[in-house]
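Some notes on the structure that comes next.
Letters A, B, ... mirror the listed sequences (proteins, then strands); counts begin at 1.
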Amino acid sequence: MPRFHLSTPIYYVNAAPHIGHAYTTIVADTIKRFRRMLGEDAYLTTGTDEHGQKVERSAHKAGLDPKQFTDRVSAAFRREWDELGLEVDHFRRTSDPRHALAVCRIFERCLENGAIYKDSYTGKYHLGDEAFVTDEEAAQSDPEQITTVTEENYFFRLSDFQQRLIDLYESQPDFVQPDTRRNEVLAFVRSGLRDLSISRSSLRWGIPLPNDPEHVFYVWFDALTTYMSAIGYGEEESGETDYERLWPIDVHLVGKEIVRFHAVYWPAFLMAANLPLPRQVWAHGWLIFQGGKMSKTKGNIVRALPVKEVVGTDGLRYYLLREIVFGQDGNFSHKALATRYNADLANGIGNLASRTVSMLSKYCGGEVPAASGGDDGGLPALAATSIADAVGHYRRFAFSRALESVWSLLSRVDKYIVEHRPWMLAKSRETAAREELEATLYNTAEALRVATALLAPIIPDGAQKVWEALGQEGRVANVRLDRLAWGGLVAGTRSGPQRAVYPRLDVAKAVKQMEALEEQALAEQAELMGRGRPVKRIEIDTPEIEIGDFARVDMRVGLVQAAEPVRKSRKLLQLQVDIGEAEPRTILAGIAEAYAPEQLVGRRVAVVANLQPRKMMGRVSQGMVVAASLDHGKPHLAGFSEEAPVGARLT
RNA sequence: GCCGGGGUAGCUCAGUCGGUCAGAGCGACGGACUCAUAACCCGUAGGUCGGCGGUUCAAGUCCGCCCCCCGGCACCA
């Protein structure tokens, strides 16, 4: 039996699962169900990425040690997939000792092949990003986040793999999909590759290097290797594993933000270790919410479970796969979701199933009649087209199009019913009318059967219900889509009871309900992450300072005398600010997107007067104007509601 | 400024190789029907497919220039 193996990313446990995680995993589950329905042995691998400084700190904040903390969050992910009915076959945590075996194994193979070297490195390190930054970047960052670090690190000779990677992308054009992502990757690799630092000695919460336990693996070797450790790589000695059978993997499903790691670093590691490469990396887009990306401070985090409570897993799955063109960014809103649910699931397939079963029961005694000729309305041909198109689209992960082709069949059936008016035919005593009635109901039920099978990967629960309503035996998931054809419905089959598979929703009410549940979930999540309050609140997590620290900052009232845009700059304005000195200061401020120059002249602002001068866009800024912003959003200048004297110090 | 992605009916968006592509769903209005989940069916949307040029027998669909929006980066101290 052919096998198919795919993965979702290994989710970082720094945050509780939200709908973005669910999206990827739902897609993966859909693909898996589809491949199963092609008769393949399909497996889905996922897991949690649990090491690193951020997790260490989050744990600390929650008053837990990292192990306890990650146990908790990882379990939340696992539970999430269970509750969403997602069929995960391999779930691996990077904190699992078996995972460490795999990481060490791959590392050692790379080491033996000369792809690893040790070097010392001194540089500015950004604590929040857990990464070394350039001096330039450091200067722009929050000074609290920057420290200078000298450390011995192990490096991976990524630069050696440039040509082999380019050859890979060129010989296997499908290796990275969609094409726009492939182009980006190709451009990135062509522009030259720098060796990759793969260890940290400053960190404890991680997997120690086998040859140098003072170091732990930095994210790449650790997290990416999960795809192999999950199926038993590294532990073959202790018995039989799935590794031989499931590697190389067919598809790594990833978000577009992590394409580089999967399409560049990961194959390079495997090349160096002399191991087979994945067949494909497929990157999807992001969910866009009203008001932009999800963010904690905006308080617009959306979770999957509240949505599921109201529209079921089918409703969520259907919306995500129908409304969003896979590979592109897509909008998410509760209202659009509820509307889509009503239009397509309740009024569409749900209603069609309901009227079909009802007519079978009323006009044919609950038995599927024989198709004794009569007008088939072109349904057999249309069904054949739908099957071919939908299967083709599924293969290419074009879910929204697969659904469109199924819906072209379903909506045709609704028209077909009206054209033939079975309720009129039923009133007639004539044989011809009887035959037409039976043919109509057979064709209707058969088209519905075909459509239901095609929909099973996306809406498994409802598909099963419709399947049973049509009196079909067993699981619709066991239907072979590659053999699905018109005519499979057997005359004489007893149909099931009529019921609403997808009850219609009151959209406004449904939206309210989801939002209310969302609030609740938010509170639960806060608890999970060990925080007393909802994450919506601002948290002040900067270190405490003394009064003396503050006194070192000399802030003055300044009067803006002139303001002009900076050429070629999007954000900067150049200001002349009088702070009572002999000459006004020239200050560059990143506020051009929020303020027009003429708005500023004559305005009083707060100026940091003893700040080191800084060069930007070829000009020197002699200070800084103070502004407030949320999440690097739009800045709001600090000012004075009274006429504060120019040059007065802020204390 | 550079690199991506977009600008198509009131709204959300499809449009694979240039030739029924000017579309779907939602919303609105009118009608018809009763098997069905106030459902389904029929009709009504006058959208210069962002703008201007070009290639072509033929262009949302290819090329050039321009405008606008969204990401990311280069300048937010």
In whole Å, what is the span from the [atom1] atom of [X] to the [atom2] atom of [N]?
| X | N | atom1 | atom2 | value |
| --- | --- | --- | --- | --- |
| A/K465 | B/rU37 | NZ | C1' | 13 Å |
| A/F399 | B/rA14 | CZ | C1' | 17 Å |
| A/R260 | B/rG72 | CZ | P | 14 Å |
| A/L572 | B/rC76 | CG | P | 7 Å |
| A/L321 | B/rG25 | CG | P | 20 Å |
| A/I324 | B/rG25 | CD1 | C1' | 15 Å |
| A/M424 | B/rC33 | CE | P | 10 Å |
| A/R614 | B/rC76 | CZ | C1' | 10 Å |

Could you tell me how far [M] sits from [N] if I compare only their [atom1] atoms? Round to whole Å.
| N | M | atom1 | answer |
| --- | --- | --- | --- |
| B/rG71 | B/rU56 | C1' | 36 Å |
| B/rC57 | B/rG19 | P | 16 Å |
| B/rC29 | B/rU20 | C1' | 28 Å |
| B/rG15 | B/rC76 | C1' | 40 Å |
| B/rA9 | B/rC13 | P | 11 Å |
| B/rU44 | B/rG1 | C1' | 49 Å |
| B/rG51 | B/rG31 | P | 38 Å |
| B/rC68 | B/rC33 | C1' | 48 Å |

Show which side-chain atoms of residues 400-416 of chain A pair as donor or acceptor with protein atoms under 3.5 Å away, not counting sequence neighbours.
{"from": "A/S405", "atom 1": "OG", "to": "A/R401", "atom 2": "O", "distance (Å)": "3.1"}
{"from": "A/S405", "atom 1": "OG", "to": "A/A402", "atom 2": "O", "distance (Å)": "2.9"}
{"from": "A/S408", "atom 1": "OG", "to": "A/S405", "atom 2": "O", "distance (Å)": "2.7"}
{"from": "A/S411", "atom 1": "OG", "to": "A/W407", "atom 2": "O", "distance (Å)": "3.0"}
{"from": "A/R412", "atom 1": "NE", "to": "A/G377", "atom 2": "O", "distance (Å)": "3.4"}
{"from": "A/R412", "atom 1": "NH1", "to": "A/E419", "atom 2": "OE2", "distance (Å)": "3.2"}
{"from": "A/R412", "atom 1": "NH2", "to": "A/G377", "atom 2": "O", "distance (Å)": "3.3"}
{"from": "A/R412", "atom 1": "NH2", "to": "A/E419", "atom 2": "OE1", "distance (Å)": "3.3"}
{"from": "A/D414", "atom 1": "OD1", "to": "A/R355", "atom 2": "NH1", "distance (Å)": "2.6"}
{"from": "A/Y416", "atom 1": "OH", "to": "A/D375", "atom 2": "O", "distance (Å)": "2.8"}
{"from": "A/Y416", "atom 1": "OH", "to": "A/N443", "atom 2": "ND2", "distance (Å)": "3.0"}

Does [X] reach a base, just sugar-phosphate, or nothing at all? Heavy atoms under 4.0 Å.
| X | result |
| --- | --- |
| A/L588 | sugar-phosphate |
| A/M616 | sugar-phosphate |
| A/P503 | base |
| A/A589 | sugar-phosphate |

- prompt: Below 4.0 angstrom, N of the basic side chain to O of the carboxylate: do A/E515 and A/K512 qualify?
  reply: no
Cationic N near anionic O, under 4.0 Å, A/R434 to A/E430: no
Could you go over nucleotides 3-13 of chain B and give all protein N or O partners under 3.5 Å, atom names and distances?
{"from": "B/rG4", "atom 1": "O2'", "to": "A/E184", "atom 2": "OE2", "distance (Å)": "3.1"}
{"from": "B/rU12", "atom 1": "O3'", "to": "A/N331", "atom 2": "ND2", "distance (Å)": "3.0"}
{"from": "B/rC13", "atom 1": "OP1", "to": "A/N331", "atom 2": "ND2", "distance (Å)": "2.2"}

Between atom [atom1] of [X] and atom [atom2] of [Y], what is the distance when rounded to the nearest 0.5 Å?
| X | Y | atom1 | atom2 | answer |
| --- | --- | --- | --- | --- |
| A/L481 | A/L454 | CG | CG | 6.0 Å |
| A/I587 | A/M616 | CD1 | CE | 9.5 Å |
| A/N610 | A/D554 | CG | CG | 5.0 Å |

In numerical order, the residues of residues 400-419 of chain A whose heavy atoms come under 4.0 Å of RNA chain B are A/R401, A/E404, A/D414, A/K415, A/V418
In numerical order, the residues of residues 342-367 of chain A whose heavy atoms come under 4.0 Å of RNA chain B are A/A343, A/A346, A/N347, A/G350, A/N351, A/S354, A/R355, A/S358, A/M359, A/K362, A/Y363
Assigned chi class of B/rG60 under the 90° convention is syn
message: At less than 4.0 Å, is any side-chain N or O atom of A/Q622 found next to OP1 or OP2 of B/rA77? Yes or no.
response: no
Can you tell me if CD on A/E170 sees more than 12 non-hydrogen neighbours from other groups inside 6.0 Å? yes
*Would you find more than 12 non-hydrogen atoms of other residues, nucleotides or ligands less than 6.0 Å from A/R604 atom CZ?*
yes
Pairing donors with acceptors under 3.5 angstrom, does anything connect the side chains of [X] and [Y]?
| X | Y | result |
| --- | --- | --- |
| A/Q472 | A/E468 | no |
| A/T493 | A/E367 | no |
| A/R317 | A/T30 | yes |

Per nearest nucleotide of RNA chain B, the residue lying toward the 5' end, A/T339 or A/V625, is A/T339
Sorted by chain and residue number, the ring pair (Phe, Tyr, Trp, His ring centres under 6.0 Å) partners of A/W282 (sequence neighbours excluded) come out as A/F326, A/F397
In RNA chain B, stems of three or more consecutive pairs, Watson-Crick or G-U, each with both distances under 3.5 Å, turn out to be B:1-7 with B:67-73, B:10-13 with B:23-26, B:28-31 with B:41-44, B:50-54 with B:62-66
Heavy atoms of A/C364 and A/L441 approach each other most closely as SG-CD1, 3.6 Å
query: Are A/Y23 and A/F332 an aromatic pair by the rule of ring centers under 6.0 Å?
result: no
**Candidate pair A/L588 and A/M617, rule side-chain contact (heavy atoms from CB on, under 4.5 Å), full reasoning** = CA-CA 10 Å; A/L588 297 169; A/M617 297 301 279; 5.9 Å; no
Quick one: do A/D376 and A/Y442 satisfy side-chain contact (heavy atoms from CB on, under 4.5 Å)? Show the steps, please. CA-CA 9 Å; A/D376 60 24; A/Y442 179 86; over 6 Å; no
